[in-house]
Amino acid sequence: AAGAAGPQGHPWGAPPPGWYAYPPAGAAPSGWWGSRLRSWPAPAGYWMARPVAGPVNGLAVASLVLGILWLWWVGSLLAVIFGHVALRQMRSGTQYGRVLAVSGLVLGYVGLGAALLVGVATSFTI
């Protein structure tokens, strides 16, 4: 039956793993935001993703930190290497940190590009 409450009292039934039903069955909005939410037409219910809690790839973190620190372009080179290795390790889907790895890669490539420009500029001036 359409609109019938599911096993947890939610119109769509039980949420899939890693998700939760919002609003919870029988819950009423409260506080400053709740007073505004009550005036809006609310849907029957929807699913929200739970925040992921899992291991973050250490090389992804190292890539971002080295990309930020720069360390006379050595950090940029290591940021690129660690970023690519981290992305390869995260393909299995058991670790998080893709945004960190990609950010480290971008910063690393920007640093290497700057090193290339400085090298070309100094070769013409010497």
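Between the OG atom in S76 and the CD1 atom in I68 there is a gap of 11.5 Å [rounded to 0.5 Å]. Once rounded to the nearest 0.5 Å, the distance linking CG of L66 with CD1 of I81 reads 10.0 Å. How far CG of L105 is from CG of L87: 5.5 Å, rounded to the nearest 0.5 Å.
With W73 contributing its side chain and G111 its backbone, the two residues share a donor-acceptor pair below 3.5 Å. Put simply, the side chain of S63 never gets that close to the backbone of L59: no donor and acceptor are under 3.5 Å apart.
Cluster membership for V65 and Y109, using ILVMFWY side-chain heavy atoms within less than 4.5 angstrom, is shared. Linking Ile, Leu, Val, Met, Phe, Trp and Tyr residues whenever their side-chain heavy atoms come within less than 4.5 Å leaves V110 and W70 in two separate clusters. Hydrophobic clustering (side-chain heavy atoms under 4.5 Å, transitive across Ile, Leu, Val, Met, Phe, Trp, Tyr) groups L78 together with L69. In the hydrophobic clustering of this structure, F82 does not group with Y96; members are Ile, Leu, Val, Met, Phe, Trp, Tyr whose side-chain heavy atoms approach within less than 4.5 Å, directly or through other members. In the hydrophobic cluster analysis, where Ile, Leu, Val, Met, Phe, Trp and Tyr join through side-chain heavy atoms closer than 4.5 angstrom, L71 is grouped together with L77.
Applying the side-chain contact (heavy atoms from CB on, under 4.5 Å) rule to V56 yields the partners V61, L100; only residues at least two apart in sequence or on another chain are considered.
The minimum heavy-atom distance linking G119 with T122 is given by the pair O-OG1, 3.1 Å. Across A79 and G108, no two heavy atoms sit closer than the pair CB-CA, 4.1 Å.
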